[in-house]
Amino acid sequence: MKKSLYIITGCSKGLGRALTDKLTLNPENLVLGISRSPMDEKENLLHLSLDMGNIPVLTDNLGKIFPPGEFQRIVLINNAGWIGEIAPLGKLDPQGIQSIYNINLIAPAILVNEFVKQYQSLDAEKIVINISSGAANKAIDGWSGYCGSKAGLNLLTLVAQEESKIKDLGIKYYALSPGIIDTEMQNDIRSSSLDDFSRGESFRSYKSKGELSSPKEVADKILELIKNSRNYNEILQDVRTF
Ligand SMILES: NC(=O)c1ccc[n+]([C@@H]2O[C@H](COP(=O)([O-])OP(=O)(O)OC[C@H]3O[C@@H](n4cnc5c(N)ncnc54)[C@H](OP(=O)(O)O)[C@@H]3O)[C@@H](O)[C@H]2O)c1
C-alpha cells in the first residue's frame with residue numbers, strides 16, 4: 001500500500017507539534033517536518049532544521065522538502081508562523097517587517113509553488129492547508145504584519161484553488177483559522193506591552209478564563225478535515241465552525 005506524505009512547517013512546537021505527534025503514530029504516514037529547533041527523527045519522521053525567514057536558504061532546500069515517489073495522499077501544511085513584533089507602525093524594526101512577511105507569506109507561497117510543480121501530475125489525493133488566522137479579516141492594532149501577512153495568505157489560497165480548478169490539477173486548498181490555541185505564540189501576545197497593543201487585556205483574560213483550545217484538540221479537527229475533505233468545500237475554514 002502506498003504511504004501518505006505530510007509536509008509540515010513549524011513541527012517543533014504548538015499546533016505543528018501536535019499534528020506531527022499524531023500523524024507519526026500511524027506507520028502508513030511519512031512526515032517531513034521543518035522548524036529551526038532540532039527534533040529527533042523516527043522511522044516515519046524526517047526533520048529539516050531551517051529558518052523559513054531566510055528565503056535563499058529555503059529555496060536552496062526545496063529539493064529536500066518535496067521528495068519524489070508514489071503516495072496515496074500528499075498534504076502540505078504551511079503552519080509555521082510568527083506573531084511579529086507587537087507594536088504600531090512607526091515603532092517597528094524594518095528587519096522584523098521583512099521577517100514576518102517572509103515567514104508567514106513568502107515562504108508559504110514558495111512552498112505552494114513547489115508543491116504544484118512537483119506533484120501536479122501525480123495521481124494522489126493532494127491537499128494544501130495554509131494555517132491562517134481570524135486576524136486576516138480584522139484590523140488589530142500592533143499586529144500590522146500579522147494581519148497583513150495572513151490576509152495575503154488567504155488570498156493566495158483562493159487564487160491557488162482557482163488555478164487548480166481551471167487547470168484541473170486536483171489539488172484542494174484551505175486557508176484555515178485554528179481559533180485561539182494555548183501555545184508559545186499566545187504567551188508572546190500576553191507578554192506584549194499594553195501601550196503597543198490595545199487588546200492585550202482581552203488576550204490575558206482568554207487564558208485566565210480557560211478559553212484557549214489545546215493544540216491537540218485543534219490538530220484533531222485538522223486531521224478530520226484532511227480525512228473527510230470531500231465534506232469541506234469552502235476554501236476559507238475556521239475550526240470553530242466544525
Ligand atoms: N496560537 C494561536 O492562538 C493561533 C491563533 C491563530 C492562528 N495561529 C497560527 O497557527 C500556526 C501555529 O501557531 P502556534 O500557536 O502553534 O505557534 P508556536 O507555538 O509559536 O509554534 C510556531 C512553530 O513555527 C515554527 N517557526 C516559527 N518561526 C519559524 C521560522 N522562522 N522558521 C522555521 N520555523 C519557524 C516554530 O519552530 P522553531 O521555533 O523551532 O523554529 C514552531 O514549531 C501559526 O501559523 C499561527 O499564526 C495560531
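Hydrogens, waters and symmetry mates play no part in the numbers below; they use all other heavy atoms, side chains included. Being a predicted model, the structure only gives us computed values, none of them experimental. For ligands, and for the atoms within them, numbers begin at 1 and follow the listed sequence.
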State whether a side-chain donor-acceptor pair under 3.5 Å links Thr24 with Lys42.
yes
What pairs with Asp93 under side-chain contact (heavy atoms from CB on, under 4.5 Å), at least two apart in sequence or on another chain?
Glu85, Gln95
What I want to find out is whether Lys227 reaches Glu224 closely enough, with some N-O distance under 4.0 Å, to be called a salt bridge.
no
Exactly which residues line ligand 1, taking a heavy atom under 4.0 Å from it as the test?
Gly10, Cys11, Ser12, Lys13, Gly14, Leu15, Ser35, Arg36, Ser37, Leu50, Asp51, Met52, Gly53, Asn79, Ala80, Gly81, Ile103, Ile131, Ser132, Ser133, Tyr146, Lys150, Pro178, Gly179, Ile180, Ile181, Thr183, Glu184, Met185, Gln186
Give the ring-plane orientation class for Trp143 versus Phe197, where under 30° counts as parallel, over 60° as perpendicular and anything between as tilted.
parallel
Answer with yes or no whether the side chains of Asn78 and Asn130 bring together a donor and an acceptor at under 3.5 Å.
yes
Specify the closest pair of heavy atoms between Ser191 and Arg204, including all atoms of both residues, with the distance to one decimal.
C-NH2, 4.4 Å
